[in-house]
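Below: one structure, written as structure tokens.
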Amino acid sequence: MSNNKIVKGFSKLSKEAKIEWITNEYLNGDDQYIKFLKSYWHNDSKVQKIHDEFIENTITNFYIPFGVAPNFLINGKVYCIPMAIEESSVVAAASKNAAFWMKRGGFKSKVISTTKIGHVHFAWYGNFKVLKKFISSIKHKFFEESQEMTKNMNERGGGILDIEVINRADLEPNYYQLQAKFETCDAMGANFINSLLEKFSKILERELHQSNLTKKEKKIIIIMCILSNYTPECIVRCEVNCSVDDLSDDPNVNSIEFAKKFQQAIHVANIEPYRATTHNKGIFNGIDAVVIATGNDFRAVEACGHTYASKSGQYKSLTNVEIKDGKFKFWIDLPIAVGTVGGLTSLHPMVKFSHQLLGNPNAEKLMEIIAAAGLAQNFGALRSLVTTGIQKGHMKMHLLNILNQLEASKEEIEKIKEYFKDKVVEHSAVVNFFNELRKMKKEKFINKEN
Ligand code: MEV
């Protein structure tokens with residue numbers, strides 16, 4: 001048994017008291033930390049309260065940049081897409097590649113289906129045929145007894161689509177699932193689905209108990225009730241295309257060679273999981289940034305995308321390319337469950353703003369926009385990787401981070417930016433040049449003094 005002391009009632013302390021406690025316990029009671037944490041509080045206490053109440057034990061806010069990527073032509077409409085992300089080159093790449101495709105007809109995005117799924121996972125002891133027949137005989141009760149909970153969703157055109165029992169005893173003896181499919185309209189639907197699944201489990205337990213099945217067949221162990229974040233039936237396809245000849249806007253890059261190399265890059269991601277992981281990470285640079293800005297759950301979105309990328313048994317690229325009859329076609333099939341109502345969407349002021357900026361899209365429109373952001377990001381990454389190399393653009397954007405770390409002055413920043421304008425930015429080269437500048441400045445100062 002460890003002697004570690006458990007802190008009791010921490011969550012009940014005021015925000016100030018929590019800060020004081022962590023400062024005393026972990027930061028040598030140094031009150032500069034108190035000032036520091038408070039300096040990140042919003043100066044409007046009402047806004048701060050909203051943020052405080054999103055989670056437990058909030059002590060301050062954590063900033064990440066909120067940028068916008070203009071020039072996204074999606075299904076004939078131009079969007080300026082909000083992106084919340086810390087990585088320096090992502091918004092720049094999204095904007096640049098959105099403008100590139102705007103000149104070539106833009107992104108064509110289409111939602112293929114919007115079905116979500118959840119399971120009651122349970123153990124049961126008997127013949128599957130008996131279970132299947134029994135569940136089919138009580139199926140109507142799941143729908144009838146949850147009417148109260150589904151009323152609003154039904155009015156919006158959603159609800160429970162289907163319920164069936166799945167035999168998973170091949171994976172684990174006596175393991176079965178009650179699998180339910182849902183339409184949740186503009187809501188992400190997690191609470192709706194999970195509440196219904198818990199209700200279904202109670203109905204199932206009760207009905208088995210009251211049935212005239214054998215004693216053994218009446219026994220059920222509910223393992224858990226939970227939606228699946230894997231939503232292969234909630235999926236959007238986004239595509240760009242142009243003639244191969246039109247694929248390069250750089251006189252130093254031959255369009256046909258570029259198209260071929262681009263295709264090879266996708267092929268490498270399809271056969272090599274080491275590459276596929278980075279390839280898809282780049283796609284999620286774009287996707288997550290919009291998902292976060294619009295108040296959606298980026299962990300769910302990522303988990304779903306990565307499972308989908310492995311659906312063949314091997315982890316592969318989420319994007320595809322085809323070069324045929326002189327045409328270049330590049331697309332993504334993206335399973336993604338997002339909401340435009342509920343959750344943070346009406347609470348978080350910046351999330352509300354993002355939705356307004358996008359023209360208050362419904363969930364399907366938002367799926368279409370997010371897929372375009374992911375596709376643009378992947379196009380930009382592959383374009384750089386197979387032509388100039390990634391570091392040129394990436395480090396150009398990262399230069400300012402390095403200079404800020406070095407605490408360079410405004411004047412030094414301008415000089416260093418100018419110097420690296422036509423060079424590949426490399427960390428050590430920047431540091432050396434910066435030190436050189438400082439040395440020169442010091443020498444000048446000493447000479448002046450003498
Ligand atoms: C960096 O955040 C993302 C890339 O590595 C993606 C890729 O390699 O495709 C540039």
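Note: hydrogens, waters and symmetry copies are ignored here, and every other heavy atom, side chains too, is used. Whatever order the structure lists them in is the order used to number ligands and atoms, beginning at 1.
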For His348 together with His51, are the ring centres under 6.0 Å from each other? yes
Among all protein heavy atoms, pick the one closest to [atom] and tell me residue, atom and distance.
atom                   : answer
atom 1 (C) of ligand 1 : Glu87 OE2, 3.5 Å
atom 5 (O) of ligand 1 : Thr278 CG2, 3.5 Å
atom 3 (C) of ligand 1 : Asn285 ND2, 3.5 Å

Where the side chain of Arg237 meets the backbone of Trp331, is there a donor-acceptor pair that is under 3.5 Å apart? no
If only atom types and distance count, is the side chain of Ser113 paired as donor or acceptor with the main-chain N or O of Thr115 below 3.5 Å? no
Ligand-residue contact atoms, ligand 1 with [X], heavy atoms, under 4.0 Å:
X      : answer
His279 : 9 (O)
Ile390 : 10 (C)
Leu385 : 7 (C), 8 (O), 9 (O)
Lys281 : 1 (C), 2 (O)

Polar side chain donor-acceptor pair, Ser11 to Asn57, under 3.5 angstrom: no
Side-chain ion pair, Asp249 and Arg383, N-O less than 4.0 Å: yes
For Val90, which part has a heavy atom under 4.0 Å from ligand 1: side chain, backbone, both, or neither? neither
Checking the N or O distance criterion of under 3.5 Å, is ligand 1 in contact with Asn378? no
Nearest atoms (heavy-atom pairs only) where His42 meets Gln48: N-OE1, 2.8 Å
When the ring planes of Trp101 and Phe328 are compared, do they come out parallel, tilted or perpendicular, using 30° and 60° as the limits? parallel
Min heavy-atom dist Arg275 to ligand 1 below 4.0 Å: yes
